[in-house]
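Here the structure is a predicted model, which means the values were calculated and not measured.
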Amino acid sequence: MKAARTLLEATLLAYGVLAPPEDVERAAYQLGAVLRRLEPLEGVRAEEAPKDLVWPDVRTDGRQAPHAGSRPRTASIRGPGADDVLRLSLVEVARAIRRKHLSPVEVTEAALRRMEEVNPRLGAFLWVDADRALVYARRAEEDASHGRFWGPLHGVPMALKDLIAEEGAPWTCGSPLRHDVVAERDAAVTARLRLSGALFVGRTHLHEWAYGVSNDNPHFGPARNPWDPSRSPGGSSGGSGAALAACCIYGSVGTDTGGSIRIPAALCGVVGLKPTYGLLPTEGVFPLSWSLDHVGPMARTVEDVAVLLGILRGRPFRISPDVRGLRAGVLRGDLWSVVHPDVARVVDDAIQEIRALGVEVTEVSVEGAVAAAVATALLMVEASTVHLPLLRTRVLEYGRDVRERLLVGLALAGERYVRARQVRHVLVRRVVEEVFGRVDVLLTPTVPVPAPILGEETTDVLGKSYDTRSLLTRFTNPFNALGLPSLSVPCGFVEGLPVGLQVIGRPMEEATVLRVGMAYERARGPFPLP
């Protein structure tokens, strides 16, 4: 502890960052813990020069997952007599608008009423854009009446995480340091959604600067879980998860650096996809860690997520729910050593259901501790680099939890960062060539525990206390380090709270991941909403 404090104090002095003594004390304690988490990096032989992830550099076994090319069936529209239009899926409401069973104004007004009703209780939105949304909805309705449709999501209400630029809208990143920032242009993914005809109704809540997974933001208050408002919705895209589960919107786009799409998807009972690293552009998305940041879709069904991903990448998917002949690896080993027993039971039941669909299931292992160490080193150093100019001048305007993590990142030596980049490439090659030489997808819990109480810094599992933040990212951040496509789909409940199943695939094989998720979702049946 003394050595960590000495190192941290010298680092802050060198960078010109003036932090309160109590912050330095807490950050020094965290630094010691982080250095222990990085120790697995030393056990990997990695002598190549560090390089970015470039997927053609990674050889697979050449075996493609068995493909079935039929277009998926979709649920029928319940029509204009539906008792609650907001409980329709994104695909259903888009089809109803195109068939003129519903109008864009009708749907948008319903969404805005719902937001007004639940946002004071859940804090899912940092800003509601009612006036602009209704202007665009009226234009969409006028054009639809003349048979002019802007795209596949014509008139469908959506919302973006407030880390993603939307022209003319606040762009706070969950920080008061950006209280007066308004985006001058759309992010690349925002522009693609706008071209598809989507309407933006607000900006969803997030953990400050997206650097955390509780969504307990000290400046704007917490976002809350719709299943139990005393609990976390997960983060950092927790506002999007809560808004979807509460039926305020039909789809969202979040960001995922260590699990920030999949964790709130799991804890709120919705679907979220972290695509392959580099598949979707991050232009216009405020960075947390350039090496780990992913942008991805969130919605209430796997089919909705597949539609959104097709729009975001510029090419639609054709996905069949027939999974016969696929091979799934259940990821055991060190990651599974800390899982709530009821979560393990629910996930195992889901895996058995996937087996019953004709998937060959076996057990595999991945060097989870090494992958987590890679993710930790890359994230902490890069995040602190992003924020260094503001840390020098406005350090006390950061919330305590984020401020302390940024201070720790400044004290990590460049050698550890370079080592993490070397090990990352070695590890990716091992997993893709060896593990995915045997299976087509991996299956894990998304999160090893049910949604924790807001403000709970430790969580008990099997009679032992664990850091809550580390628990929530236990099964997610290794796959940010590996850059692999990873989907969270709801698979049941523990103590009345949703549980997520994570499906992981080879790089650029989102279609296979979505195929497994869709097949399971159909076998499971409709998932309840709070």
Identify whether the distance between the nearest side-chain nitrogen and carboxylate oxygen of Glu415 and Arg419 falls below 4.0 Å.
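Salt bridge between Glu415 and Arg419, a charged N being under 4.0 Å from a carboxylate O: no.
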
Give every residue pair that meets the salt bridge (charged side-chain N to carboxylate O under 4.0 Å, His left out) criterion with at least one member in residues 473-489, sequence neighbours excluded.
none

Of all pairs that satisfy salt bridge (charged side-chain N to carboxylate O under 4.0 Å, His left out), the ones with a partner from residues 352-374, not counting sequence neighbours:
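Matches after skipping sequence neighbours: Arg332-Glu363, Glu367-Arg430.
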
Please round to the nearest 0.5 Å and tell me the distance separating atom CG of Asp23 and atom OH of Tyr398.
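That separation rounds to 13.5 Å.
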
Mind checking the CG-CZ spacing from Asp162 to Arg203? Nearest 0.5 Å is all I need.
4.0 Å

ring-ring contact (aromatic ring centres under 6.0 Å, His included) involving Phe286 - partner list, sequence neighbours excluded:
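Result, ring-ring contact (aromatic ring centres under 6.0 Å, His included) vs Phe286: Trp209.
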
Identify all side-chain donor-acceptor contacts of residues 257-266 below 3.5 Å with residues at least two apart in sequence or on another chain.
from: Thr257; atom 1: OG1; to: Asp293; atom 2: OD1; distance (Å): 2.6
from: Ser260; atom 1: OG; to: Ser236; atom 2: N; distance (Å): 2.9
from: Ser260; atom 1: OG; to: Ser236; atom 2: OG; distance (Å): 3.1
from: Arg262; atom 1: NE; to: Asp256; atom 2: OD2; distance (Å): 2.9
from: Arg262; atom 1: NH1; to: Thr476; atom 2: O; distance (Å): 3.3
from: Arg262; atom 1: NH1; to: Gln502; atom 2: OE1; distance (Å): 2.8
from: Arg262; atom 1: NH2; to: Asp256; atom 2: OD1; distance (Å): 2.9
from: Arg262; atom 1: NH2; to: Asp256; atom 2: OD2; distance (Å): 3.4
from: Arg262; atom 1: NH2; to: Thr476; atom 2: O; distance (Å): 3.4
from: Arg262; atom 1: NH2; to: Asn480; atom 2: OD1; distance (Å): 2.6

How close do Gly123 and His205 get, heavy atom to heavy atom, and via which atoms?
O-CD2, 2.9 Å

I would like to know whether Arg114 and Glu117 meet salt bridge (Lys or Arg N to Asp or Glu O under 4.0 Å); could you show each step before the answer?
CA-CA 5 Å; Arg114 180 65 172 161; Glu117 174 192 351; 3.2 Å; yes

Let's go through Arg5 and Glu9 carefully: what are the C-alpha distance in whole Å and the side-chain angles of both, what is the deciding distance for salt bridge (Lys or Arg N to Asp or Glu O under 4.0 Å) to 0.1 Å, and is it a yes or a no?
CA-CA 6 Å; Arg5 184 184 178 105; Glu9 289 174 337; 2.8 Å; yes

side-chain contact (heavy atoms from CB on, under 4.5 Å) involving Leu412 - partner list, sequence neighbours excluded
Leu31, Val34, Leu35, Leu38, Met380, Val381

For Glu457, all residues meeting side-chain contact (heavy atoms from CB on, under 4.5 Å), sequence neighbours excluded:
Arg400

